[in-house]
Amino acid sequence: MIHLAVFPNSRGRDSLIHSSLDVPISKDKIHVLACFQDLFLASVDTTSATTVWAMSELAKNPRVMTKVQAEIRKIIGNKTEVEESEIEKLKYFKMVVKETMRLHHAAPLLLPRESMQHCNIGGYNVYPKTRIFVNAWAIGRDINTWSKPDEFYPERFEDSEIDFKGQHYELIPFGVGRRMCPGMTMALASVESTLANMLHRFDWQLLSGMKHEDINMEEAVGLTINKKFPLHLVPI
């Protein structure tokens, strides 16, 4: 199944956009600071959205919540904080993060690409200078790739080599190739550290009178996908 949207460029306007973006990066500190600023700003909304989606899925699936908290507390013990170096030991926790990114791509349409030469994708001719949008959200829920794709089931990665680091096209929350997200390492460290500590130090309960199935998982419309309705949990 092909999940692409292509839009041929208009010669005038798009050539102007291209030239405005074609800025060489020098060793000047302004260029360096601008690059770092892009990394940090781009990671704020996507990182928080991914963390909220993870907590939403865990709250909605108490079996998974219990299992991942048991793993974290067994390995980390009575320490007050989960250190970054210890997260690699948390195998099931890693699966939970991976499953969250499969179901809830923070940026559902990856940054647009532009074809350099003519090619044929799924029987469609794609001509040079065509703008291409990749629907990573649809790829993560493709029924031809995933069993029960709409179900939050971290165990699907237990005996799977599929990862999101650019080598497997079934899971591409950060994109692939030379132009994949340069902030992947920082974003992943932020999500994992925040989520692991929240699960280690607190038990999370629903509001009084609320049931797990009452958690609304509707998505808000935007460049990044956030929950349409806020998640309310009580930390214990």
Side-chain angles (χ1 to χ4, degrees), residues 41-84 86-108 136-138 140-141 143 146-158 164 171 173 186-236:
L41 291 180
S43 68
V44 171
D45 190 28
T46 53
T47 297
S48 62
T50 302
T51 304
V52 171
W53 281 118
M55 289 299 298
S56 300
E57 289 289 2
L58 290 172
K60 198 173 181 68
N61 296 273
R63 176 193 69 84
V64 181
M65 173 76 86
T66 300
K67 187 174 179 178
V68 70
Q69 284 187 310
E71 179 194 55
I72 294 173
R73 291 168 181 175
K74 178 181 178 181
I75 293 177
I76 304 303
N78 295 324
K79 294 181 180 179
T80 58
E81 183 178 352
V82 181
E83 297 179 4
E84 188 175 338
E86 297 173 310
I87 293 178
E88 293 301 319
K89 304 175 186 177
L90 306 174
K91 304 303 181 185
Y92 189 69
F93 172 78
K94 287 277 192 178
M95 291 185 235
V96 168
V97 173
K98 194 180 293 187
E99 179 72 341
T100 301
M101 291 185 174
R102 180 190 70 83
L103 270 176
H104 304 286
H105 284 72
W137 185 95
R141 294 172 182 250
I143 195 172
W146 307 100
S147 174
K148 298 180 180 179
D150 294 326
E151 179 181 340
F152 186 76
Y153 186 66
E155 286 83 355
R156 73 173 75 245
F157 292 104
E158 195 163 15
F164 48 69
L171 186 63
M186 185 181 70
L188 190 59
S190 299
V191 170
E192 290 182 339
S193 180
T194 302
L195 189 60
N197 278 284
M198 290 173 65
L199 296 174
H200 175 56
R201 301 184 67 175
F202 300 98
D203 287 325
W204 298 88
Q205 296 182 359
L206 301 177
L207 298 180
S208 178
M210 190 175 180
K211 299 179 181 179
H212 302 292
E213 53 268 23
D214 294 334
I215 298 176
N216 192 304
M217 302 296 281
E218 192 172 349
E219 300 171 340
V221 177
L223 292 177
T224 57
I225 296 242
N226 291 276
K227 278 176 58 62
K228 186 174 183 178
F229 301 98
L231 173 67
H232 298 287
L233 297 175
V234 181
I236 306 298

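Worth saying up front: this structure is predicted, and the values here are computed from it rather than measured. One is the number of the first residue; the rest follow in order along the sequence.
From Leu103, atom CG reaches atom CE of Met101 across 12.5 Å, with rounding to the nearest 0.5 Å. Interatomic distance, Leu90 CG to Ile75 CD1, rounded to the nearest 0.5 Å: 5.0 Å. The distance from atom CD of Glu84 to atom CD of Glu192, rounded to the nearest 0.5 Å, is 8.5 Å. With rounding to the nearest 0.5 Å, the separation of CG in Asn61 from CG in Leu58 is 7.5 Å. Taken from OG in Ser56 to CG in Leu233, the straight-line distance is 7.0 Å, to the nearest 0.5 Å. Note that NZ of Lys148 is 9.5 Å distant from CZ of Arg156, once rounded to the nearest 0.5 Å.
For the residue pair Glu81 and Ile76, the shortest heavy atom distance occurs at O-CG2, 4.3 Å. Counting all heavy atoms, side chain and backbone alike, Glu99 lies closest to Tyr153 at OE2-N, 2.8 Å. The nearest pair of heavy atoms linking Gly209 to Asp214 is O-OD2, 4.5 Å. Taking each heavy atom of Arg73 and Phe202 in turn, the nearest pair found is NH2-O, 3.0 Å.
Contact annotation: the side chain of Phe229 never approaches that of Ile215 to less than 4.5 Å [non-hydrogen atoms, C-beta and beyond]. Side-chain contact between His104 and Ile225: absent, with no pair of heavy atoms (C-beta onward) separated by less than 4.5 Å. The side-chain heavy atoms of Val82 and Ser193, taken from C-beta on, include no pair separated by under 4.5 Å. The shortest side-chain heavy-atom distance between Thr47 and Thr194 does not fall under the 4.5 Å cut-off.
Of the charged side-chain nitrogens involved, at least one lies within less than 4.0 Å of a carboxylate oxygen, so that Lys79 and Glu86 count as a salt-bridged pair. A salt bridge links Glu155 and Lys67; the closest N-O separation between the charged side-chain nitrogens and carboxylate oxygens is under 4.0 Å.
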query = Yes or no on side-chain contact (heavy atoms from CB on, under 4.5 Å) for Leu231 and Met55, after CA distance, side-chain angles and deciding distance?
reply = CA-CA 8 Å; Leu231 173 67; Met55 289 299 298; 3.8 Å; yes
inquiry  = Please evaluate residues Gln69 and His200 with respect to the criterion side-chain hydrogen bond (donor to acceptor under 3.5 Å, both in side chains), reporting the C-alpha separation (whole Å), side-chain torsions for both, the decisive distance (0.1 Å), and the verdict.
reply    = CA-CA 6 Å; Gln69 284 187 310; His200 175 56; over 6 Å; no
Step-by-step side-chain contact (heavy atoms from CB on, under 4.5 Å) determination, Asn226 to Val52 = CA-CA 8 Å; Asn226 291 276; Val52 171; over 6 Å; no
task = Could you check Phe93 against Leu199 for side-chain contact (heavy atoms from CB on, under 4.5 Å), going step by step and ending with a plain yes or no?
result = CA-CA 10 Å; Phe93 172 78; Leu199 296 174; 4.2 Å; yes
task = Let me see the working for Met65 and Asp203 under side-chain contact (heavy atoms from CB on, under 4.5 Å), right down to the final yes or no.
result = CA-CA 9 Å; Met65 173 76 86; Asp203 287 325; over 6 Å; no
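Relative to the ring axis of Phe152, Lys60 does not place its NZ or CZ within 45° and under 6.0 Å from the centre. Taking the ring axis of Trp146 as reference, the NZ or CZ atom of Arg102 stays within 45° of it and closer than 6.0 Å to the ring centre.
A side-chain donor from one of Glu219 and Trp137 sits under 3.5 Å from a side-chain acceptor of the other. Side chains of Glu158 and Tyr92: no donor on one and acceptor on the other come within 3.5 Å.
Within 6.0 Å of CD in Glu151 there are more than 12 heavy atoms belonging to other residues, nucleotides or ligands.
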